[in-house]
Amino acid sequence: MELRVMDHPLVSHKLTLLRSQDTTSPVFRQLVEELVTLLAYEATREVDVVPCTVTTPVTQARGVELASPKPLVVPILRAGLGMLEGMLRLIPSAEVGFVGMARDEETLQPMTYAERLPSDLSGRQCFVLDPMLATGGSLGGAVQFLAKRGAKHVVCLCILAAPEGIERFRGLVKDLGMQCTLVVAGVDEKLNEKGYIVPGLGDAGDRLYGLAE
């Protein structure tokens with residue numbers, strides 16, 4: 001597993017605003033979208049392309065276009081939905097699938113409760129969206145799910161990660177026999193006793209969409 005931590009002043013600026021408890025949900029959603037577009041620029045560095053030729057107003061020019069099958073973007077419900085528009089802004093032709101995973105707050109283990117994905121992902125590049133890599137279970141479970149369906153390369157985009165989550169995620173994906181890349185805006189200090197990232201930014205889903213009682 002390759003880890004890439006973004007080092008860019010705009011990323012740091014937007015991440016700082018996200019952390020503030022005074023940032024409202026509408027502003028939080030906008031910041032997430034902007035930040036994910038910056039992350040997506042790095043995350044798509046190795047996206048598959050093929051040569052093509054286009055006609056300019058002057059002559060023909062050689063270039064590249066996205067290879068087939070198109071990349072598959074997979075937000076992990078529900079917080080990952082807040083990252084989707086920022087990702088599609090950069091690759092609007094990508095297809096979108098969904099995985100619903102929740103963390104058992106007692107065992108901290110991931111549970112899959114919904115999925116909408118192609119049954120065969122052979123040869124596909126997949127981009128998984130999950131704002132917080134805390135314990136690593138949900139993200140690791142999602143990547144395992146994609147690997148079982150034949151995905152050849154999975155790139156995960158997270159806004160924040162905890163060191164414990166990174167290491168657990170590394171362990172969950174190391175024997176999958178596929179390329180896996182983790183792109184994050186920042187790595188925080190630790191997890192607390194409840195499995196939340198410190199200093200973090202709170203519950204990303206609640207801050208995006210409000211409390212789900």
Side-chain angles (χ1 to χ4, degrees), residues 1 3-43 73-90 98-106 108-111 127-143 155-170 172 181-213:
M1 188 272 288
L3 172 65
R4 300 178 189 171
V5 182
M6 292 289 287
D7 181 16
H8 192 286
L10 282 179
V11 170
S12 299
H13 168 66
K14 294 180 187 298
L15 181 55
T16 300
L17 294 175
L18 283 177
R19 291 187 190 275
S20 173
Q21 64 179 359
D22 296 326
T23 299
T24 63
S25 287
V27 175
F28 192 93
R29 288 193 293 269
Q30 180 181 348
L31 286 167
V32 167
E33 183 176 333
E34 294 170 355
L35 184 53
V36 171
T37 299
L38 293 172
L39 289 174
Y41 181 80
E42 176 62 33
V73 179
V74 184
I76 297 180
L77 303 177
R78 71 178 165 132
L81 285 175
M83 303 173 69
L84 183 57
E85 286 303 316
M87 188 71 186
L88 292 180
R89 179 180 293 176
L90 205 63
F98 299 93
V99 173
M101 304 195 77
R103 183 176 67 176
D104 187 304
E105 294 302 328
E106 293 185 2
L108 302 183
Q109 297 301 309
M111 302 178 297
F127 296 86
V128 181
L129 311 179
D130 195 11
M132 311 293 281
L133 176 55
T135 62
S138 295
L139 189 63
V143 174
V155 182
C156 300
L157 288 77
C158 299
I159 294 173
L160 279 180
E164 300 94 327
I166 293 173
E167 289 310 306
R168 186 181 181 205
F169 178 74
R170 192 189 304 274
L172 290 172
T181 305
L182 175 62
V183 181
V184 301
V187 178
D188 270 6
E189 178 185 343
K190 63 179 180 180
L191 293 180
N192 65 15
E193 65 280 0
K194 294 183 179 180
Y196 285 93
I197 298 176
V198 178
L201 49 77
D203 186 290
D206 288 348
R207 297 200 64 187
L208 281 162
Y209 303 117
L211 295 174
E213 301 292 349

Exercise. Measuring from S138:OG to L77:CG, what's the distance to the nearest 0.5 Å?
Worked result: 11.5 Å

Exercise. Going through the checks in order, is the side chain to side chain contact (heavy atoms under 4.5 Å, CB included) test met by E164 and T135?
Worked result: CA-CA 6 Å; E164 300 94 327; T135 62; over 6 Å; no

Problem set entry | Contacts of E85 that satisfy salt bridge (charged side-chain N to carboxylate O under 4.0 Å, His left out) - sequence neighbours left out | none

Seminar exercise, completed: Shortest non-hydrogen pair, L81 vs F98, comes out as CD2-CE2, 3.5 Å

Problem set entry | Test side chain to side chain contact (heavy atoms under 4.5 Å, CB included) applied to M132 and L201, step by step | CA-CA 9 Å; M132 311 293 281; L201 49 77; 3.8 Å; yes

Exercise. So how far is it from Q30 CD to T23 OG1, rounded to the nearest 0.5 Å?
Worked result: 11.0 Å

Exercise. Among all residues two or more places apart in sequence or in another chain, which pass the salt bridge (charged side-chain N to carboxylate O under 4.0 Å, His left out) test with E34?
Worked result: K14

Problem set entry | Pairs flagged by salt bridge (Lys or Arg N to Asp or Glu O under 4.0 Å) wherever residues 18-30 is involved - sequence neighbours left out | R19-D188

Problem set entry | Taking every non-hydrogen atom, the tightest pair across F169 and C156 | CZ-SG, 3.8 Å

Problem set entry | Distance, nearest 0.5 Å, that separates CG of L139 from CD1 of I76 | 5.0 Å

Seminar exercise, completed: Between the CZ atom in F127 and the CG atom in L39, the distance rounded to the nearest 0.5 Å is 12.5 Å

For this session: Write down the atom of L182, the atom of C158, and the distance for their closest heavy-atom approach.
Result: CD1-SG, 4.0 Å

Exercise. Can you name the closest pair of heavy atoms from A134 and A162 and give their distance?
Worked result: O-CB, 4.0 Å

Contacts table for residues 6-13: side-chain donor-acceptor under 3.5 angstrom, sequence neighbours left out:
from : atom 1 : to  : atom 2 : distance (Å)
H8   : ND1    : L10 : N      : 3.0
S12  : OG     : H8  : O      : 3.3

For this session: Identify, with sequence neighbours excluded, every residue that meets side-chain hydrogen bond (donor to acceptor under 3.5 Å, both in side chains) alongside R89.
Result: E33

Exercise. Does R4 reach the main-chain N or O of E42 with its side chain, forming a donor-acceptor pair under 3.5 Å?
Worked result: yes

Exercise. Is the side chain of S25 donor-acceptor paired with the backbone N or O of Y209 at a distance under 3.5 Å, no angle test?
Worked result: no

Exercise. Taking atom CG of L160 and atom CG of L133, what is their separation to the nearest 0.5 Å?
Worked result: 9.5 Å

Exercise. Which pair of heavy atoms, one from P199 and one from E189, lies closest together, and at what distance?
Worked result: CD-N, 4.2 Å

Exercise. Do L172 and V143 touch side chain to side chain, with heavy atoms closer than 4.5 Å?
Worked result: no

Exercise. Measuring from L38:CG to L157:CG, what's the distance to the nearest 0.5 Å?
Worked result: 11.0 Å

Problem set entry | Criterion side chain to side chain contact (heavy atoms under 4.5 Å, CB included) on I197 and L191, from CA distance to verdict | CA-CA 5 Å; I197 298 176; L191 293 180; 3.9 Å; yes

Seminar exercise, completed: For V187, the side-chain contact (heavy atoms from CB on, under 4.5 Å) test, sequence neighbours excluded, returns V5, P163, I166, V184

